[in-house]
Q: 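Got a structure for you, questions after.
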Amino acid sequence: MRYSRLLIPTLKETPSEAEAISHILMVRGGYIRQLAAGLYISLPLFLRVMEKINSIIRQEMNRIGAQELSMPVLHPAEVWQKTGRWDAIGDEMFRLKDRTGRDMCLAMTHEEIMTWLAAREIRSYRDMPQIWYQIQTKLRDEARPKSGILRTREFTMKDSYSFDVDAEGLNKSYDLHAAAYHRIFARCGLTFYQVESDPGMMGGLTAHEFMAPSDAGEDDIAICGRCGYAANVELAVSHPPEYPSIDMPYEEVHTPEKKTVGEVANFLGLPPHCFIKSLLLIAKDGAPVLALVRGDEELHEKKTQRVIGPYRAARKDEIVNILGVEAGFIGPVNMINQGIRIIASTSLEKGLYVSGANKKDYHIKGINAEVHFQADRHDIRVIKENEKCLKCGAPLKIQRVIEIGNIFKLGTKYSVPLNAVYLNKEGIDVPIIMGSYGIGPARVAAAAIEQNHDANGIIWPVSIAPFPVAILPLNVSDEETVNTAEMIYTALQAKGVEALMDDRDIRPGIKFKDTDLTGIPFQIIIGAKNLKEGLVEIKNRATKETTKVPMANAADDIARLTACLKA
RNA sequence: CGGGGCGUAGCGCAGUCUGGUUAGCGCACCUGCCUUGGGAGCAGGGGGCCGGAGGUUCGAAUCCUCUCGCCCCGACCA
């Protein structure tokens with residue numbers, strides 16, 4: 001295609017609203033424009049990238065036997081009411097009424113509608129397995145859209161759903177997806193990890209996320225370089241650092257005005273890991289729960305929530321009412337209110353500690369975790385960098401990541417309420433076993449930029465670049481330059497290589513800058529001087545390497561280079 | 001939803017504290033000349049409801065009230 005006829009509005013300056021690198025470069029490179037918070041226009045170049053990614057996704061999905069279909073984005077409320085999500089989901093769902101007053105919503109995801117279809121069309125065990133997918137628009141009224149295209153209110157998603165007769169079938173569909181996802185992300189040129197994730201509100205049993213390392217991400221994962229253990233920090237486990245127990249007598253100590261672990265530790269001359277940090281929480285049903293972690297640990301909200309359900313921190317006055325003492329001096333020993341549920345970090349299984357005495361200005365030393373209080377031990381602490389891997393003992397690394405895909409085993413969470421059942425061999429109705437699997441193609445593009453760029457701009461992997469090659473005739477007033485460019489352009493076309501011909505009548509510097517910024521992987525540079533010797537230059541965007549080749553060979557060379565990098 | 005920041009030309013910004021000619025600069029854009037290997041140069045030119053509404057004042061981009069929008073941190077993220 002010819003640059004002069006394409007809309008590629010590049011920007012010399014960084015737009016003020018952009019912060020993430022991928023966001024800045026997409027706006028500057030003429031890929032996207034913002035319409036409103038979380039709503040973006042895809043310009044021609046970006047659409048080409050998305051199509052490349054989607055095409056890779058389609059190939060790999062089809063390869064595992066998945067079938068593409070397309071579902072409405074506007075849904076009647078009833079289907080969502082049947083699974084309970086109409087009420088379970090809050091403001092995040094766009095809702096509206098049609099002209100007759102019927103409640104409708106915009107699709108955030110398609111479990112309900114896919115299951116609705118399965119309920120009608122899958123009748124027998126002979127009909128399964130099935131995998132259905134679509135690359136379709138999703139709408140979510142995000143509380144906080146951010147980082148350009150990484151978190152938007154309208155986005156496309158590849159979502160697939162598997163339908164199986166039993167858990168064994170589900171496992172197979174799940175593994176097929178995991179394998180397909182590995183191929184997809186690898187082909188898109190990404191560095192990524194498959195990590196254990198929290199099934200959360202999706203319901204179900206097992207879940208994994210595919211994570212691309214990037215500072216622009218919103219999640220953290222723990223990874224073990226030795227054994228390959230990888231998990232979202234929301235459920236990552238590790239060996240808490242162990243310290244030799246410090247011997248101390250069981251006694252009350254006066255600690256006037258010393259409330260935080262740091263203050264008391266300092267005051268008593270003991271390290272933080274000798275303390276028990278006590279936090280009063282209020283569960284959803286209003287019941288107080290005392291959560292204990294070691295002094296050097298932090299309570300992990302998500303992990304705690306999995307143990308006691310949704311909760312909040314108790315207010316100061318609630319602490320006084322319930323425990324009879326102000327925050328800072330509370331602890332698991334000598335509690336006035338004996339009925340309170342106590343949960344504790346697994347690191348508090350044994351050893352001697354200091355904690356609040358439940359008496360103003362006093363702490364107790366020498367608390368023996370095995371004798372002085374009872375608690376349910378759970379993993380409720382935040383794990384930290386360099387803690388030892390539970391599986392192999394090597395130090396764990398914490399890495400910020402972008403979630404680019406996820407896979408869930410759903411089980412019968414949707415098939416039961418929507419009555420998606422099949423007749424088994426015995427002639428009995430059985431609920432279909434489902435899985436649900438997502439990929440965010442725009443996030444794949446953003447992650448690719450985050451992982452592949454330099455000071456001059458984007459460096460696309462060839463497989464998802466809008467064009468694999470750009471032709472730069474440096475002076476379009478020079479006839480020989482233009483003729484050579486046209487010759488190479490035609491030759492590339494004949495080989496099925498899409499080239500972006502920069503036919504603009506502008507100074508060379510602008511062509512170089514724009515081509516670097518937009519990230520086209522290869523440049524064929526045609527200048528008068530080299531032309532005198534019948535040569536043109538091929539420049540590799542990533543390595544900045546330049547090679548002079550006879551003009552007649554340029555098209556062949558590019559075809560060869562892009563072909564081997566595309567696989 | 002809580003905390004913070006910002007709305008002035010297409011983009012990036014100054015001017016606002018301390019009210020006062022015709023609201024300014026760089027880039028981009030248009031015309032002409034010149035130039036053609038890393039966002040050139042010269043000359044000329046177009047473009048603004050200073051986010052919006054109300055108020056204070058002889059006078060408001062500037063002060064006050066309300067409101068809308070965008071960004072960042074947090075909560076949320078099915």
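Chain identifiers are assigned alphabetically (A, B, ...) following the order of the sequence lines, protein sequences preceding nucleic acid strands; residue numbering begins at 1 within each chain.
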Q: Rounded to the nearest Å, what distance is computed from the CD1 atom of residue Ile538(A) to the P atom of nucleotide G37(B)?
A: 20 Å
Q: NZ of Lys146(A) versus P of A75(B): gap in Å, rounded?
A: 10 Å
Q: Taking only the P atom of each, what is the distance from U22(B) to U36(B) in whole angstrom?
A: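 My reading of the P atoms in U22(B) and U36(B) gives 46 Å.
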Q: Would you classify Asp91(A) as touching base, sugar-phosphate or nothing, given that sugar-phosphate means primed atoms plus P, OP1 and OP2, and contacts are heavy atoms under 4.0 Å?
A: nothing
Q: From the options G37(B), C70(B), U36(B), select the nucleotide whose nearest atom is closest to the side chain of Ser477(A).
A: U36(B)
Q: Over all strands shown, is Leu472(A) touching base, sugar-phosphate only, or nothing at heavy-atom distances under 4.0 angstrom?
A: nothing
Q: Quote, to the nearest angstrom, the C1' distance that separates C1(B) from C50(B).
A: 31 Å
Q: Could you tell me whether the phosphate oxygens of C73(B), OP1 or OP2, come under 4.0 Å of any side-chain nitrogen or oxygen in Arg144(A)?
A: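 Yes, because at least one side-chain N or O of Arg144(A) sits under 4.0 Å from OP1 or OP2 of C73(B).
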Q: Which word best sums up how the rings of Tyr437(A) and His177(A) line up, parallel for under 30°, tilted for 30 to 60°, or perpendicular for over 60°?
A: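 If you compare the ring of Tyr437(A) with that of His177(A), the planes turn out parallel.
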Q: Using the C1' atom as the reference point in each nucleotide, state the distance between A61(B) and G20(B) in Å, no decimals.
A: 13 Å
Q: Just to be sure I understand the rule, does Ala528(A) reach a base, reach only the sugar-phosphate, or reach nothing, if contact means heavy atoms closer than 4.0 Å?
A: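 Answer is nothing: Ala528(A) stays at 4.0 Å or more from every strand.
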Q: Return the value, rounded to whole Å, for the distance between atom CD of Glu218(A) and atom P of C73(B).
A: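 To the nearest whole Å, that distance equals 9 Å.
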Q: Could you point out which residue of Asp220(A), Asp219(A), Asp215(A) forms a salt bridge (charged side-chain N to carboxylate O under 4.0 Å, His left out) with Arg400(A)?
A: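 Option passing the salt bridge (charged side-chain N to carboxylate O under 4.0 Å, His left out) with Arg400(A): Asp220(A).
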Q: Give a yes or no answer on whether the side chain of Arg541(A) reaches the backbone of Asp516(A) with a donor-acceptor pair at less than 3.5 Å.
A: yes
Q: Test your reading of the model: is there a side-chain donor-acceptor pair from Glu385(A) to the backbone of Ile398(A), 3.5 Å cut-off?
A: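 Side chain of Glu385(A) to backbone of Ile398(A): a pair is present.
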Q: Out of C70(B), G26(B), U35(B), which nucleotide sits closest to the side chain of Arg507(A)?
A: U35(B)
Q: Over how many whole Å does the gap from Glu13(A) atom CD to C25(B) atom P extend?
A: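 Going from CD in Glu13(A) over to P in C25(B) covers 16 Å.
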Q: Measure from CG on Asn406(A) to P on A78(B) and round the result to the nearest Å.
A: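 In whole Å, A78(B) P lies 9 Å from Asn406(A) CG.
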Q: Taking the same atom, P, in U21(B) and in U31(B), what whole-Å distance lies between them?
A: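 These two P atoms come out 36 Å apart once rounded.
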Q: Across the strands shown, which category fits Thr515(A) at heavy-atom distances under 4.0 angstrom: base, sugar-phosphate, nothing?
A: nothing
Q: Just call it for Arg28(A): base, sugar-phosphate, or nothing, with non-hydrogen atoms closer than 4.0 Å on any strand.
A: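 Base contact.
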Q: Return the nucleotide paired to C70(B): Watson-Crick means purine N1 to pyrimidine N3 with N6-O4 or O6-N4, wobble means G-U with N1-O2 and O6-N3, both under 3.5 Å.
A: G5(B)
Q: Could you state the atom-to-atom distance from CG of Leu418(A) to C1' of A78(B) in whole Å?
A: 15 Å
Q: I want to confirm an ordering. Mapping Gly509(A) and Gly148(A) to their closest nucleotides on RNA chain B, which one lands closer to the 5' end?
A: Gly509(A)
Q: Parallel, tilted or perpendicular: which describes the rings of Phe210(A) and Phe185(A), with under 30° parallel and over 60° perpendicular?
A: tilted
Q: With nearest nucleotide decided by heavy atoms, which residue, Lys513(A) or Pro145(A), maps closer to the 5′ end of RNA chain B?
A: Lys513(A)
Q: What is the base-pairing partner of G20(B), counting Watson-Crick and G-U wobble geometry with both distances under 3.5 Å?
A: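 Base partner found: C58(B).
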Q: Take atom NZ of Lys302(A) and atom C1' of A78(B), then tell me their distance rounded to the nearest Å.
A: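 Taking NZ of Lys302(A) and C1' of A78(B), I get 12 Å after rounding.
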Q: Closest approach to the side chain of Ile510(A), judged atom by atom: which nucleotide of C70(B), G39(B), G38(B) is it?
A: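 Of all the options, the side chain of Ile510(A) is nearest to G39(B).
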Q: Taking the P atom of each, how far is U65(B) from C72(B), in whole Å?
A: 27 Å
Q: Using a 4.0 Å heavy-atom cut-off, does Leu517(A) contact any base of the nucleic acid, only the sugar-phosphate backbone, or nothing at all?
A: base
Q: At less than 3.5 Å, do the side-chain atoms of Asp516(A) and the base atoms of G38(B) form a donor-acceptor pair?
A: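 By the distance-only test, yes, there is a pair.
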Q: Looking across every strand, which nucleic acid part, if any, lies under 4.0 Å from Pro15(A) by heavy atom: base, sugar-phosphate, or nothing?
A: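 Sugar-phosphate, backbone atoms only, no base.
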Q: Work out how far the C1' atom of C76(B) is from that of C17(B), and round it to whole angstrom.
A: 38 Å
Q: Please determine, for G48(B), whether a Watson-Crick or G-U wobble partner exists with both distances under 3.5 Å, and give it or none.
A: none
Q: Classify Asp514(A) by what it touches in the nucleic acid, base, sugar-phosphate, or nothing, heavy-atom distance under 4.0 Å.
A: base
Q: Across all strands shown, which nucleotide pairs with G26(B) by Watson-Crick or G-U wobble geometry, both distances under 3.5 Å?
A: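 Checking every strand shown, G26(B) finds its partner in C11(B), with both distances under 3.5 Å.
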Q: Taking the same atom, C1', in C30(B) and in G10(B), what whole-Å distance lies between them?
A: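 My reading of the C1' atoms in C30(B) and G10(B) gives 14 Å.
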Q: NA contact type, Ala143(A), heavy-atom cut-off 4.0 Å: base, sugar-phosphate, or nothing?
A: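 Touches a base.
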Q: Going by salt bridge (charged side-chain N to carboxylate O under 4.0 Å, His left out), Arg85(A) matches just one of Glu111(A), Glu92(A), Glu78(A). Which one?
A: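 Passing option: Glu111(A).
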Q: Determine the Euclidean distance between corresponding C1' atoms of G3(B) and A9(B); express it in Å to zero decimal places.
A: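 33 Å, rounded to whole Å.
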Q: If you measure only the distance, is there a donor-acceptor pair under 3.5 Å linking the side chains of Asp87(A) and Gln81(A)?
A: no
Q: Decide yes or no for Leu43(A) and Ile8(A): does some side-chain heavy atom of the first lie under 4.5 Å from some side-chain heavy atom of the second?
A: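 Not in contact.
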Q: Look at the side chain of Lys539(A) against the base of G38(B) and say whether a donor-acceptor pair falls under 3.5 Å; ignore hydrogens and angles.
A: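 Yes, a donor-acceptor pair under 3.5 Å.
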Q: Tell me the interatomic distance from Asp141(A), atom CG, to A75(B), atom C1', rounded to whole angstroms.
A: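 Checked: the CG to C1' distance equals 16 Å.
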Q: Indicate whether OP1 or OP2 belonging to C6(B) is found under 4.0 Å from a side-chain N or O atom of Ser16(A).
A: no
Q: How would you label the contact of Glu537(A) with the nucleic acid (heavy atoms, under 4.0 Å): base, sugar-phosphate, or nothing?
A: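 The answer is base, as Glu537(A) lies within the cut-off (heavy atoms under 4.0 Å) of a base atom.
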